[in-house]
A.B. asks: 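Just dropping this structure here.
To find a chain, count down the sequence lines: A is the first, B the second, and so on, and within it residues start at 1. Worth saying up front: this structure is predicted, and the values here are computed from it rather than measured.
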Amino acid sequence: MSVRASDILQQATDRFGQRLYWHIRRLVVSHDDAEDALQETFIKIFTKASSFKGDDDKLEAWCYKIATNEALQLLRRRTHLFQSLDTLSGELADLVVTESAPDADRSAVLFQQAVMQLGTQQRIAFNLRYYDELSYGQIAAITGKSENALRANYHYAVEKIKAYLKENAI
Amino acid sequence: MKEFDPVVSDLPYKESPDYVDRLVARCKAEALKQVEPASRVVRPWIYCLAGVAAAAAIALGVFFSIHRTSPMDKFLASLSDEEAAMIVDWTIDDIPELY
């Protein structure tokens with residue numbers, strides 16, 4: 001077993017384990033799927049550790065990138081050939097209700113359903129900025145999009161969420 | 001970043017931080033377990049190849065050690081001490097003419 005790979009995996013789990021889980025969970029919604037994707041993420045972090053050339057600061061974005069890819073890959077398995085991931089919005093919004101705690105606040109459920117209405121790229125940008133509080137530079141490194149495009153994504157995401165909440169009487 | 005609407009933006013899921021910590025540890029252990037079998041499969045093959053290589057090296061060593069003995073050595077080894085002494089004492093004049 002490579003010492004470097006073990007070290008990188010150790011750092012990833014110690015420093016970002018919780019955050020990676022919640023990032024994946026917010027994308028796939030189902031807890032079981034999130035667990036599978038998290039495990040795959042750790043496997044990838046370990047097996048691809050030799051290709052990671054960045055310094056300590058870049059490790060976070062690198063781990064998030066792998067986690068995002070694993071979550072999207074898992075979602076892709078739910079779609080038909082050539083079907084966009086965006087078509088899963090309704091299914092994911094329904095899943096939010098199923099996965100929510102019995103005593104969960106209704107507004108919190110509705111907020112997540114509003115987030116699920118966003119397109120996949122917008123949702124990723126929104127989650128990483130809003131929940132994970134990453135900089136646009138970091139999000140650009142994860143998604144491969146320009147910072148300006150991500151700013152626009154975030155702005156439109158907020159507008160869409162507000163409109164959804166208004167429509168649904170909150 | 002949470003200034004957008006903190007009242008309604010908490011996640012509605014029930015998993016606690018402690019639970020997720022344990023989950024992360026479990027996923028890490030599982031991930032390592034899945035990575036390990038690959039090396040477990042590879043390792044015996046490496047041992048096998050090393051064993052075959054060692055056996056081949058030994059066989060070649062034995063083969064050459066047998067065939068390294070030249071015909072002259074064999075001939076000399078077959079002589080008695082007296083005969084060998086005679087040969088050592090031979091001079092060019094002692095060689096009989098064969099024709």
Side-chain angles (χ1 to χ4, degrees), chain A residues 1-2 5-6 9-10 12-14 16-22 25-26 29-31 34-47 96-97 99-115 126 128-135 154 157-158 161-162 165 170, chain B residues 1-70:
Chain A
M1 186 189 296
S2 156
S6 299
L9 181 61
Q10 186 71 45
T13 51
D14 288 353
F16 322 121
Q18 283 254 0
R19 300 175 66 194
L20 292 176
Y21 167 79
W22 284 116
R25 180 76 187 272
R26 281 189 285 268
V29 184
S30 151
H31 165 70
E35 183 171 347
D36 287 347
L38 184 68
Q39 197 173 302
E40 283 304 315
T41 299
F42 290 162
I43 289 172
K44 288 274 161 61
I45 288 172
F46 185 89
T47 54
V96 167
V97 180
E99 287 282 326
S100 292
D103 56 348
D105 192 72
R106 189 180 124 64
S107 59
V109 176
L110 201 63
F111 189 92
Q112 276 311 297
Q113 288 184 304
V115 174
F126 177 79
L128 290 173
R129 183 78 184 130
Y130 186 67
Y131 287 108
D132 295 298
E133 301 181 347
L134 299 183
S135 68
Y154 183 77
V158 169
I161 291 170
K162 277 180 183 169
L165 294 176
I170 287 225
Chain B
M1 215 34 234
K2 290 245 176 77
E3 70 276 10
F4 168 47
D5 197 344
V7 179
V8 294
S9 61
D10 284 341
L11 293 172
Y13 311 125
K14 62 178 184 294
E15 286 74 18
S16 67
D18 282 349
Y19 175 84
V20 177
D21 269 343
R22 288 196 299 276
L23 175 86
V24 167
R26 194 167 68 235
C27 282
K28 181 187 157 197
E30 275 300 315
L32 287 173
K33 214 190 282 177
Q34 287 201 25
V35 176
E36 271 289 284
S39 50
R40 268 193 220 126
V41 171
V42 170
R43 217 171 286 149
W45 277 104
I46 291 171
Y47 290 147
C48 261
L49 285 174
V52 168
I58 291 166
L60 283 171
V62 170
F63 177 83
F64 282 115
S65 70
I66 290 168
H67 289 82
R68 193 181 53 199
T69 317
S70 68

A.B. asks: Can you confirm whether B/Arg26 sits close enough to A/Glu35 that some side-chain heavy atom of one is under 4.5 Å from a side-chain heavy atom of the other?
C.D. replies: yes
A.B. asks: So which heavy atom on B/Pro12 is nearest to which on A/Val96, and how close?
C.D. replies: CG-CG1, 4.4 Å
A.B. asks: Quick one: CD on B/Gln34 to CD on A/Gln39, what's the gap to the nearest 0.5 Å?
C.D. replies: 5.0 Å
A.B. asks: Any chance you could measure A/Gln18, atom CD, to B/Glu15, atom CD, to the nearest 0.5 Å?
C.D. replies: 11.0 Å
A.B. asks: Quick check on the interface: out of A/Leu9, A/Leu20, A/Thr13, who has the most heavy-atom pairs with chain B under 4.5 Å?
C.D. replies: A/Thr13
A.B. asks: For each of A/Ala101, A/Ala114, A/Pro102, tally heavy-atom pairs with chain B at distances under 4.5 Å, and name the one with the top tally.
C.D. replies: A/Ala101
A.B. asks: Which atom names give the shortest non-hydrogen contact between A/Phe42 and B/Val24, and what distance separates them?
C.D. replies: CE1-O, 3.6 Å
A.B. asks: Rounded to the nearest 0.5 Å, what separation is found between the CG atom of B/Asp21 and the CG atom of A/Asp14?
C.D. replies: 9.5 Å
A.B. asks: Decide yes or no on side chain to side chain contact (heavy atoms under 4.5 Å, CB included) for B/Leu23 and A/His31, but give the supporting numbers first.
C.D. replies: CA-CA 11 Å; B/Leu23 175 86; A/His31 165 70; 4.1 Å; yes
A.B. asks: Would you call the rings of B/Tyr13 and A/Trp22 parallel, tilted or perpendicular if under 30° counts as parallel and over 60° as perpendicular?
C.D. replies: parallel
